[in-house]
Amino acid sequence: MLKSLYSGVSGMKGFQTKLDIIGNNVANVNTVGFKKNRVMFQDIINQNIAGATSPTGQNGGVNPKQIGLGVRTGAIDTIHTPGSPMTTNVGTDLAVDGDAFFVVTNGGANYLTRAGNFTRDGNGTLVNSNGFFVTGVAVQNPPAGSPAGKQGTLHQILINISEDQTSNRDATGNVIKDANGNEMEPLKFTSYSIDSNGYINVVCEDGRSGKLAMVMDQNSPNHGRYYLNDSNALQNENISLATGVVTNPGGLKKVGNTMFEETGNTGITDFGRIEDNKGGQIISGVLEMSNVDLTEEFTEMIVAQRGFQANARTITTSDSILEEVVNLKR
């Protein structure tokens, strides 16, 4: 009789966990980039009353006799299906049409996210709503004399969309002075947009247009400075948003703020340009909303409620029978 009591308790705990998951999903129904969870149950252990016997020439086989001892949480999965797109027409609102994640950093660790509601901070650096830097990538060509076919080095950099930092410097990296001896100011970017491959198209105040780039040649006196690349040369220096494609998205760990971090079960993360890791394409002016389906959640809520009630009835029924047993002696 005590077995049914404890089985009922385990069932109530399980459905309480299911309700917790559903409640969190419903609460995040309008959260940008949120991925819903689901809970899967499995039985615990079974008490063997009698074992199985094999058939013989005289008798047929007998199946084992077992009594289950309750339920437990088998898995809590994160479902990485795409969320519904919401058009905002804001240039820094981005969504990924594919499997890739955006990469953000706090100056140390990298985090993955599908929430593309980015803005520029006071320095012109692209950040998310929590102030984490949106990561960009550019490629440094191999040094002269390298073997043919050697690939360049991919560098993770910040995305600063403010000014052409080489426009007021000469070939030696020194600031150019005007006729009066005053140092010239760098030219500002007046507008920008982000294309489907994550490259930043910028327009300078002198009318030139091109892609945002960074000087990657370590021998250049302007190394590490942002500039407008309006030619077909040095396309490796063009900055694009970094993306990551993971082997097992379900292995990612939620860390809050709609961000994920890698775990030992994530698999290999293909980090780089979205056109290279085949992660899809980036859509500007659109946000990916939560993938929570309220119809599904409310249905599961009814199932969880009735399951909780049924397990409660198991406990009260067992209690009533125990009461009858106690009342046998008066």
Side-chain angles (χ1 to χ4, degrees), residues 23-37 78-137 156-163 189 191-202 212 226 239-246 249 252-263 266 269 271-274 279-292 294:
N24 183 62
N25 288 344
V26 173
N28 286 281
V29 67
N30 285 325
T31 301
V32 177
F34 177 79
K35 299 303 175 185
K36 65 182 179 182
N37 292 103
T78 302
I79 309 301
H80 286 272
T81 54
S84 301
M86 181 181 72
T87 302
T88 65
N89 295 320
V90 178
T92 53
D93 284 347
L94 307 175
V96 175
D97 182 13
D99 299 327
F101 292 81
F102 297 112
V103 182
V104 296
T105 181
N106 57 358
N110 287 335
Y111 300 96
L112 303 178
T113 183
R114 295 280 291 195
N117 50 321
F118 303 136
T119 57
R120 288 193 303 169
D121 65 7
N123 294 325
T125 306
L126 199 63
V127 297
N128 71 358
S129 57
N130 299 295
F132 284 64
F133 297 113
V134 179
T135 299
V137 289
Q156 177 177 326
I157 57 179
L158 304 183
I159 302 175
N160 185 278
I161 313 172
S162 56
E163 59 189 18
F189 296 137
S191 65
Y192 64 93
S193 63
I194 300 173
D195 66 19
S196 61
N197 287 323
Y199 292 99
I200 298 94
N201 301 307
V202 291
L212 180 68
Y226 297 89
I239 299 172
S240 65
L241 271 71
T243 56
V245 177
V246 299
L252 293 170
K253 177 184 176 183
K254 290 184 176 182
V255 294
N257 300 320
T258 328
M259 298 188 300
F260 302 89
E261 68 177 5
E262 299 176 63
T263 66
T266 303
T269 302
F271 174 84
R273 303 188 193 273
I274 197 168
Q281 63 179 355
I282 296 174
I283 305 174
S284 178
V286 173
L287 290 175
E288 178 185 354
M289 300 304 292
S290 168
N291 64 348
V292 173
L294 283 180

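Position 1 is the first residue of the sequence; numbering continues from there.
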Any donor-acceptor N or O pair under 3.5 Å, side chains [X], [Y]:
X: N291; Y: T81; answer: yes
X: N37; Y: K254; answer: yes
X: N110; Y: Q156; answer: yes

What distance separates [X] [atom1] from [Y] [atom2], expressed to the nearest 0.5 Å?
X: L126; Y: D121; atom1: CG; atom2: CG; answer: 8.5 Å
X: I283; Y: D195; atom1: CD1; atom2: CG; answer: 12.5 Å
X: S84; Y: M289; atom1: OG; atom2: CE; answer: 8.5 Å
X: F118; Y: D93; atom1: CZ; atom2: CG; answer: 9.5 Å
X: N25; Y: L294; atom1: CG; atom2: CG; answer: 10.0 Å
X: T258; Y: L112; atom1: OG1; atom2: CG; answer: 13.0 Å

Residue pair [X] / [Y]: nearest heavy atoms and the distance that separates them:
X: V286; Y: P85; result: CG1-CB, 3.7 Å
X: R273; Y: I239; result: NH1-C, 4.1 Å
X: L287; Y: A95; result: C-CB, 4.1 Å
X: L212; Y: V202; result: N-CG2, 4.0 Å

Non-hydrogen side-chain atoms of [X] and [Y] separated by less than 4.5 Å:
X: F34; Y: N24; answer: yes
X: I161; Y: I200; answer: yes
X: I282; Y: F102; answer: yes
X: L241; Y: V134; answer: yes
X: F132; Y: V127; answer: no
X: I157; Y: V137; answer: no
X: T113; Y: F101; answer: no

Would a distance-only check, ignoring hydrogens and angles, find a side-chain to backbone donor-acceptor pair under 3.5 Å from [X] to [Y]?
X: N128; Y: G131; value: yes
X: N257; Y: M259; value: no
X: N106; Y: G108; value: yes
X: E288; Y: G83; value: yes
X: T243; Y: G272; value: yes
X: N197; Y: Y199; value: no
X: R114; Y: P82; value: no
X: T269; Y: F271; value: no

* Evaluation steps, side-chain contact (heavy atoms from CB on, under 4.5 Å), between Y192 and T92 -> CA-CA 9 Å; Y192 64 93; T92 53; 3.2 Å; yes

ask   = In terms of the angle between their ring planes, are H80 and F260 parallel, tilted or perpendicular, with boundaries placed at 30° and 60°?
value =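 Rings of H80 and F260: tilted, as their planes differ by 30° to 60°.
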
Crowding at CG, N201 (>12 non-hydrogen neighbours, <6.0 Å):
yes

task: Just do the side-chain contact (heavy atoms from CB on, under 4.5 Å) check on I274 and V96 with the steps written out, would you?
output: CA-CA 10 Å; I274 197 168; V96 175; 4.2 Å; yes

- Task: Any chance you could lay out the side-chain contact (heavy atoms from CB on, under 4.5 Å) test for L158 and Y226, step after step, and finish with the verdict?
- Result: CA-CA 10 Å; L158 304 183; Y226 297 89; 4.0 Å; yes

- After noting the C-alpha distance and the side-chain angles of S162 and N160, does the key distance pass the side chain to side chain donor-acceptor pair (under 3.5 Å) rule? CA-CA 6 Å; S162 56; N160 185 278; 2.4 Å; yes

Kindly indicate, with the supporting measurements, whether the criterion side-chain contact (heavy atoms from CB on, under 4.5 Å) is fulfilled by E261 and L252. CA-CA 6 Å; E261 68 177 5; L252 293 170; over 6 Å; no

